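Encoded as structure tokens, the structure appears first; notes follow it.
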Amino acid sequence: MSKSLQAIRGMNDILPEQTPLWRYFESTVARLCDNYGYKQIRTPIVEFTELFKRSIGEVTDIVEKEMYTFEDRNGDSLTLRPEGTAACVRAVLEHGITGGGQTQKMWYIGPMYRHERPQKGRYRQFHQIGCEVFNLDGPDIDAELIVLTWRLWGQLGIRDAVKLELNSLGTSDSRGRYREALVEYLSAHLDKLDEDSQRRLKTNPLRVLDTKNADTQAVLVDAPKMADYLDDESRVHFDGLKARLDAAGIPYVINPKLVRGLDYYSKTVFEWVTDKLGAQGTVCAGGRYDGLVEQMGGKPTPGVGFAMGIERLILLLETLEQVPEEISRQVDVYLCAFGEAAELAALALSEKVRDQLPNLRLQINAGAGSFKSQFKKADKSGALYALILGDDELGQQVIGFKPLRGQGEQQNIAFDALAAHLATCVVQG
Ligand code: ATP
Ligand code: MG
């Protein structure tokens, strides 16, 4: 027997049964982004590898070991995007839409690719929704991004399950001074650090703060604190952000060890974390990247953004049983027709009804079948009403209308009164 074909490990199908929840989630976020004045941007899934090396940084986990990189037929090195910010920066530069200092507020959605060890909440193809803002350097916009996500958690019913962690990384100058102090301290305790941290000490020392290793964590207790190295400008910025979060009533905790996996952040960094999903607890992460556009060849252009992991948020909705019941009901009315003549009439009638009620979710029985089997399918479809058309009804130019969920009696409705009748009993989305 030949081996059956399978999807790639860590890359999942999202089956018809699951997509209503995905679409509910996605449309909730999309509406919110629109309402806060963000416009969607769509960039290619594949980019030149160089883009990610230059933006994310050569010595990050992503670039060192997680990218899906290949040569195309021209010998160009291409990479499946591991995240969304790099392409946004490339696009604004390429099209010059921030070059004159214009503000751009944008959002994106789509699949991302990282060669990680697949487990619950961690996949090789996963999906993110993110926002990016260019050319605003104040804490007001950092706060807006956080307020937007806070409102989202409220709309989704998961506010109680997530916690905001906040830190400021300072400007690249102050971070540089802190990095030196940290390296000096850690080098004096080199033998007590785990292997990974010893390596990171040379390549990306701030990432040591992020370690899960208990011995290294013990060493870090007395390490220099980032907050003591913050420059005045960053401190004022951070205070401004905190004041706005306080004003909006959003609780947060300062996590001085929050450094984030990507190289390009400065000043604000934040994560929304939950303890309901096990080890993969960060559902949304972001921060400010004021140096990135310049680093990629543009004029100095402040930027700030976040990305949320859709799979983790879907898991959280399921775990907390915050899946609205109505989203899986996709049929309002199920039409059963018996015999060839009734089927033809049913098709013509339902097209007329659709003309008048474009949002009506009307499913016509396909594949014929007995009264009993069609009724069973009508019930299973989740429809609120069944329409019944047989030879008798056809002769009188009426159709049977039967409530499937409530009490109401079955009644006959004249063909030309059907749309008006349905309009009164089906809520139009
Ligand atoms: P982690 O520490 O969990 O690896 P990260 O810092 O690499 O996360 P980001 O690059 O900031 O993650 O991506 C933003 C969000 O995207 C994460 O908070 C998470 O919700 C989601 N995410 C990142 N990597 C994956 C993955 N491999 N599978 C599923 N979701 C992911
Ligand atoms: Mg990661």
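This structure is a prediction, so every number in the text was calculated from the model and none was measured. Remember, it's 1-based here, ligands and their atoms both numbered in the order they're listed. Numbering of residues begins at 1 and proceeds along the displayed sequence. Just so you know, these numbers use all the heavy atoms, side chains as well, and skip hydrogens, waters and symmetry mates.
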Distance filter under 4.0 Å to [X] heavy atoms, resulting ligand 1 atoms:
| X | result |
| --- | --- |
| A307 | 14 (C), 15 (C) |
| Q128 | 13 (O), 14 (C), 15 (C), 16 (O) |
| G121 | 28 (N), 29 (C), 30 (N) |
| A285 | 11 (O) |

Lys/Arg N to Asp/Glu carboxylate O, [X] vs [Y], below 4.0 Å:
| X | Y | answer |
| --- | --- | --- |
| R73 | D76 | no |
| R31 | D34 | no |
| E351 | R354 | yes |

**OP:** Please determine if E311 has a nitrogen or oxygen closer than 3.5 Å to a nitrogen or oxygen of ligand 1.
**Re:** no
**OP:** Using a 4.0 Å heavy-atom threshold (strictly under), name the region of V283 that reaches ligand 1: side chain, backbone, both or neither.
**Re:** backbone
Subject >> Proximity to ligand 1 by part of E83, non-hydrogen separation under 4.0 Å >> reply: neither
Original post:
Knowing that exactly one of R312, R122, E311 qualifies, which makes a side-chain hydrogen bond (donor to acceptor under 3.5 Å, both in side chains) with Q280?
Top reply: R122
Original post:
Among the heavy atoms of Q280, does any lie under 4.0 Å from an atom of ligand 1?
Top reply: no
**OP:** Would you tell me which option among R114, Q119, R124 has the nearest heavy-atom contact to atom 10 (O) of ligand 1?
**Re:** R114
Original post:
If hydrogens are left out, which of R122, E271, E116 has an atom nearest to atom 2 (O) of ligand 1, that is, the closest non-hydrogen atom?
Top reply: R122
Original post:
Quick one: is the NZ or CZ of K377 closer than 6.0 Å to the six-membered ring centre of F375, and within 45° of its axis?
Top reply: no
Original post:
Is a side-chain N or O of R175 found less than 3.5 angstrom from the main chain of G170, in a donor-acceptor match?
Top reply: yes
Original post:
Got a donor-acceptor contact below 3.5 angstrom from the D194 side chain to the T216 backbone?
Top reply: no
